[in-house]
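Quick note: residue numbers are just sequence positions, from 1.
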Amino acid sequence: MLNDKVIKTSIERIIVDGGDVLKNIKVGDKGYKGFGETYYSKINFAKKKGWKKHLEMTINLTCVMGEVRFVFSENLKEFESIILNEKNLYRLTIYPNVWFAFEGLYRPFSIVNNVADMIHDPNEVERKNLDEINFKW
């Protein structure tokens, strides 16, 4: 995806009685650049979040509950997208300077996990409103 600026990596599922274990990321995995922080984003059904572009941060996104469409672009004119859910279980590594947004496709909401290589710094991210970008959701 996007010439190796967004990498899709399979997540290992370990089937366990009472509920599966999903192995997200560990030291040495492709896309792991260090640890700064991790957090979860809740996205309600049919809502969209974005657009943003990190200037320094590498992030690793997984959809841990529900279903989410992620959209990526380098120039905000050409786009690539992928849907993640329990059947399409991947980690998306997004390197700096890639624009992205995402949309909740599951009722009542979905949960996205981000493992970032640095602590959030509002000065290293650029943002645009959804209506500024000509993308057909």
Side-chain angles (χ1 to χ4, degrees):
M1 297 180 76
L2 290 174
N3 299 321
D4 293 330
K5 293 186 180 183
V6 178
I7 298 171
K8 183 173 91 169
T9 305
S10 295
I11 293 176
E12 181 182 359
R13 178 189 301 269
I14 301 168
I15 298 172
V16 177
D17 191 29
D20 295 351
V21 173
L22 307 175
K23 292 184 106 178
N24 187 14
I25 192 168
K26 65 181 179 305
V27 174
D29 281 353
K30 187 173 185 175
Y32 181 82
K33 284 190 59 191
F35 178 77
E37 69 179 352
T38 187
Y39 62 85
Y40 296 91
S41 291
K42 180 178 171 183
I43 183 157
N44 293 329
F45 175 72
K47 296 298 181 182
K48 296 154 188 78
K49 291 186 178 184
W51 292 87
K52 67 164 83 173
K53 174 176 77 169
H54 289 283
L55 304 175
E56 300 173 32
M57 183 185 291
T58 296
I59 63 176
N60 287 278
L61 300 176
T62 54
C63 177
V64 296
M65 186 182 110
E67 183 171 62
V68 176
R69 175 172 34 174
F70 295 91
V71 181
F72 308 98
S73 180
E74 289 185 86
N75 57 18
L76 296 175
K77 293 180 174 88
E78 300 169 307
F79 303 92
E80 290 185 41
S81 66
I82 185 171
I83 294 174
L84 297 186
N85 55 37
E86 206 168 316
K87 292 184 176 91
N88 198 26
L89 196 56
Y90 292 95
R91 179 180 71 252
L92 300 175
T93 301
I94 306 169
Y95 290 108
N97 296 307
V98 174
W99 288 98
F100 71 97
F102 55 103
E103 173 185 27
L105 301 177
Y106 184 81
R107 290 182 196 272
F109 60 86
S110 299
I111 297 178
V112 174
N113 175 245
N114 178 19
V115 177
D117 67 337
M118 58 188 285
I119 295 173
H120 176 73
D121 175 357
N123 296 315
E124 75 79 44
V125 64
E126 292 182 19
R127 297 177 188 276
K128 293 194 178 285
N129 293 325
L130 290 166
D131 61 1
E132 292 180 72
I133 308 305
N134 187 23
F135 178 76
K136 304 285 188 246
W137 291 94

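- Scored by the salt bridge (charged side-chain N to carboxylate O under 4.0 Å, His left out) test, E80 finds no partners at all (sequence neighbours excluded).
- Enclosure of atom CG in N134 is not indicated, since only 12 or fewer non-hydrogen atoms of other residues, nucleotides or ligands lie within 6.0 angstrom.
- Sorted by first and then second residue, the ring pair (Phe, Tyr, Trp, His ring centres under 6.0 Å) pairs with a member in residues 45-69 read W51-F79; sequence neighbours excluded.
- Listed by first and then second residue, the salt bridge (charged side-chain N to carboxylate O under 4.0 Å, His left out) pairs involving residues 43-53 are K48-E103, K53-E126 (not counting sequence neighbours).
- Here the closest non-hydrogen pair linking E78 and S73 is O-OG, 2.7 Å.
- When all heavy atoms of V68 and V112 are compared, the pair lying nearest together is CG2-CG2, 3.8 Å.
- Every residue meeting the side-chain contact (heavy atoms from CB on, under 4.5 Å) condition with N60, not counting sequence neighbours, appears here in chain and number order: I25, R91, T93, V115.
- Between the OG1 atom of T58 and the CD1 atom of I94 there is a distance of 10.0 Å, given to the nearest 0.5 Å.
- For K26, the side chain to side chain donor-acceptor pair (under 3.5 Å) partners two or more places apart in sequence, or in a different chain, are D29.
- Considering only residues two or more places apart in sequence or on other chains, V16 meets the side-chain contact (heavy atoms from CB on, under 4.5 Å) condition with I14, V21.
- Every residue meeting the side chain to side chain donor-acceptor pair (under 3.5 Å) condition with T38, not counting sequence neighbours, appears here in chain and number order: N113.
- Looking at every heavy atom in both residues, G104 comes nearest to I43 through N-CD1, 3.5 Å.
- With rounding to the nearest 0.5 angstrom, the CG atom of L92 is 6.0 Å from the CG atom of L61.
- Judged as a side chain to side chain donor-acceptor pair (under 3.5 Å), and not counting sequence neighbours, S110 has no contacts.
- For residues 82-129, the set of pairs meeting the ring pair (Phe, Tyr, Trp, His ring centres under 6.0 Å) definition, not counting sequence neighbours, comprises F70-F102.
- With sequence neighbours excluded, the residues forming a side-chain contact (heavy atoms from CB on, under 4.5 Å) with L22 are I11, R13, L89, listed by chain and number.
- Linking Ile, Leu, Val, Met, Phe, Trp and Tyr residues whenever their side-chain heavy atoms come within less than 4.5 Å leaves L76 and V98 in two separate clusters.
- Note: K77 NZ to I133 CD1 = 9.5 Å, rounded to the nearest 0.5 Å.
- Residues passing the side-chain contact (heavy atoms from CB on, under 4.5 Å) test with E132 are K128, N129, sequence neighbours excluded.
- Other residues, nucleotides and ligands contribute at most 12 non-hydrogen atoms within 6.0 Å of the OH atom of Y40.
- N88 meets the side chain to side chain donor-acceptor pair (under 3.5 Å) test with no other residue; sequence neighbours excluded.
- Across every non-hydrogen atom of P96 and E56, the tightest pair is CG-O, 3.3 Å.
- Contact detail for K30 and T9: the closest heavy-atom pair is O-OG1, 4.4 Å.
- Both M57 and V6 are members of a single hydrophobic cluster when ILVMFWY side chains are connected at heavy-atom separations under 4.5 Å.
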